[in-house]
Amino acid sequence: MRSFTAFISDRSIREVESETPVPTGKEVLLRTTHSGVCHSDIHARDGHFDLGSRGKLSLASRGMGDSLVMGHEVVGEVIAVGSEVTDRAVGERVLVYPWLGCGECVQCLRDAENSCATPRSIGVQLPGGYADHVLVPHEKYTLDIDGLDPAWAATLACSGVTSYSAINKILPLPADAPVAVIGAGGVGLSAIAILAALGHKNTIALDLNPANLTLAAENGATRTLQITTDSTAESVRKELGVKPEAIIDFVNNSQTATIGFDWLTKGGTMIQVGLFGGELVVPTTLLAMKMATIRGSFVGNLVELRALVELAKSGQLPRTAVGSGVLDADGVRDTLDALENRQISGRVVLEAR
């Protein structure tokens, strides 16, 4: 098996050779056909997450070694199955649910593996889709995507289910209640499209990049606002004239989190999703007086991904922008560089050639 492995120590992407695994039991072996590129992979390449004044959270503390095969938005063709597999057959094309847990804790047993304290996610702790093959530990983590564009379907495993799960934490709301999406990159665009598919009619998109805002309007945003690094909640409120009932922050740095809290209406809900890093300092008196709910949301669970795939199959979900590239070491490296330098709007999915 040829795999494209990120070595965290020097930020490089290198090609390595390893044995192609043989599935046993409930395992399913895929030949990777499509693998999406996520901003989280930039943090993985850096080797840490920014915690503001608390320093850095090392990836080693999250169960990652000196090197890993990244790639957690995976579509592939089944090429072999374990002896206990009953619902998958060789030749099928499937989407992989990557956010696996230990399988034994309270969270895992209630189908919330993304909340597991000891994760073993594909493309994070386990080898992922920047490789020729992916070994999926259980057939239940493979989803039928018949009728869907496989490149777009790959994005549902992270940007799609992440935004879907965040939206589930603010709904139900009246269809005309103002909902703000901060950050209209790949994940934010998915949220805007999903809100539209669910019938929401008042979505406000904020972003630094005007190209992202153009895509946001095409995918269902009813209003857009280009912000700057100097923007504040007051400047945003003056420009838009509303206070949102809910805010989903897909950037979640010190500036956007502060804007979100200060801009949010009384009794509103703010969902913090992005991993760009920083911190939010909240006056305790204001938190009580605003009666605000601040909640974190990290990816999504298997039940949510299944529901999202069905929504996509229904034809109601707008297809967000998906760029393309080649699934090899150069493709991974160049796409991560472009993403880090804000040269990409939407999502890029690499395809095996």
Side-chain angles (χ1 to χ4, degrees), residues 3-15 32-50 59 67-75 98 123-124 128-131 149-160 162-163 181-193 205-216 218-219 224 226-229 250-253 256 273-277 319-353:
S3 55
F4 311 110
T5 301
F7 285 81
I8 296 170
S9 58
D10 61 2
R11 291 172 53 90
S12 69
I13 305 293
R14 301 180 185 177
E15 185 171 320
T32 307
T33 62
H34 299 81
S35 192
V37 180
C38 178
H39 199 279
S40 296
D41 293 337
I42 294 173
H43 300 300
R45 187 170 64 165
D46 289 343
H48 67 269
F49 292 93
D50 177 12
L59 267 65
S67 65
L68 68 154
V69 181
M70 299 186 296
H72 52 261
E73 292 186 338
V74 183
V75 165
V124 186
Y130 296 166
D149 170 23
W152 179 52
T155 69
L156 300 180
C158 180
S159 64
T162 297
S163 51
V181 171
I182 301 179
V187 189
L189 286 175
S190 291
I192 292 163
L206 281 65
D207 201 282
L208 295 170
N209 188 342
N212 288 353
L213 295 176
T214 298
L215 292 173
E218 293 173 357
N219 282 277
T224 63
Q226 184 180 0
I227 58 175
T228 71
T229 54
F250 292 106
V251 180
N252 199 26
N253 62 19
T256 60
V273 183
L275 301 174
F276 279 72
R319 186 187 185 282
T320 52
V322 177
S324 62
V326 178
L327 183 57
D328 59 16
D330 288 337
V332 173
R333 183 186 308 110
D334 293 347
T335 305
L336 287 174
D337 289 344
L339 188 60
E340 186 170 25
N341 293 320
R342 297 180 179 175
Q343 297 170 340
I344 292 175
S345 295
R347 208 67 158 178
V348 170
V349 176
L350 305 177
E351 185 172 355
R353 300 287 170 85

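Numbers for residues simply follow the sequence, beginning at 1.
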Undergrad: For Q226 and L208, indicate whether the former's side chain and the latter's backbone hold a donor-acceptor pair under 3.5 Å.
TA: yes
Undergrad: Show the numbers, then the answer: is there a side chain to side chain contact (heavy atoms under 4.5 Å, CB included) between F276 and D50?
TA: CA-CA 7 Å; F276 279 72; D50 177 12; over 6 Å; no
Undergrad: Taking all heavy atoms of S163 and all of G160, pick out the closest pair and write down the distance.
TA: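 Looking at all heavy atoms of both residues, the closest pair is OG-O, 2.9 Å.
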Undergrad: About how many Å separate OG1 of T320 and CG of L156, when rounded to the nearest 0.5 Å?
TA: 8.0 Å
Undergrad: Between G346 and L189, what is the shortest heavy-atom contact and its length?
TA: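 Minimum heavy-atom separation between G346 and L189: CA-CD1, 3.8 Å.
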Undergrad: Can you sort out the partners of A151 under side chain to side chain contact (heavy atoms under 4.5 Å, CB included), two or more places apart, ordered by chain and number?
TA: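 With neighbours one apart ignored, the set is H34, D149, V322, V349.
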Undergrad: Would you say D337 and R45 make side-chain contact, with heavy atoms under 4.5 Å?
TA: yes
Undergrad: Under the side chain to side chain contact (heavy atoms under 4.5 Å, CB included) rule, collect the residues that match up with V273, sequence neighbours excluded.
TA: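 By the side chain to side chain contact (heavy atoms under 4.5 Å, CB included) rule, V273 matches T162, A166, I248, F250, I271, S297.
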Undergrad: In chain order, what residues pass the salt bridge (Lys or Arg N to Asp or Glu O under 4.0 Å) check against E218, with sequence neighbours excluded?
TA: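 By the salt bridge (Lys or Arg N to Asp or Glu O under 4.0 Å) rule, E218 matches no residue at all.
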Undergrad: If you take all heavy atoms of N212 and S345, which pair is closest and at what distance?
TA: OD1-OG, 2.8 Å
Undergrad: Shortest non-hydrogen contact from V69 to A131?
TA: CG1-CB, 3.9 Å
Undergrad: Indicate yes or no for a side-chain donor-acceptor contact from T33 to the backbone of V75 under 3.5 Å, with no hydrogens or angles considered.
TA: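 Side chain of T33 to backbone of V75: a pair is present.
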Undergrad: Specify the closest pair of heavy atoms between A157 and P98, including all atoms of both residues, with the distance to one decimal.
TA: O-CD, 3.9 Å
Undergrad: Any chance you could measure T224, atom OG1, to L215, atom CG, to the nearest 0.5 Å?
TA: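 The OG1 atom of T224 sits 11.0 Å away from the CG atom of L215.
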Undergrad: In a check of side-chain contact (heavy atoms from CB on, under 4.5 Å) between V332 and each of V37, I13, V326, D41, which one passes?
TA: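 For V332, the side-chain contact (heavy atoms from CB on, under 4.5 Å) test succeeds with only one of V37, I13, V326, D41, which is I13.
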Undergrad: With sequence neighbours excluded, tell me which residues meet side chain to side chain contact (heavy atoms under 4.5 Å, CB included) with S40.
TA: C38, H72, L275
Undergrad: Determine whether a donor-acceptor pair (N or O, by modelled atom type, separation under 3.5 Å) exists between the side chain of R347 and the backbone of G186.
TA: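 Judged by distance alone, no pair lies under 3.5 Å.
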Undergrad: Do other residues, nucleotides or ligands put more than 12 heavy atoms under 6.0 Å from R342 CZ?
TA: no
Undergrad: Working to the nearest 0.5 Å, report the span between CG of D207 and CG of L213.
TA: 5.0 Å
Undergrad: Is any side-chain heavy atom of E351 less than 4.5 Å from a side-chain heavy atom of S324?
TA: no
Undergrad: Report the residues that fulfil side chain to side chain donor-acceptor pair (under 3.5 Å) with T32, sequence neighbours left out, ordered by chain and then residue number.
TA: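 Expected list: none.
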Undergrad: For D334, enumerate each residue passing the side chain to side chain contact (heavy atoms under 4.5 Å, CB included) test, keeping only those at least two apart in sequence or located in another chain.
TA: D330
Undergrad: A side-chain contact here means heavy atoms from C-beta on lying under 4.5 Å apart; do E15 and D328 qualify?
TA: no
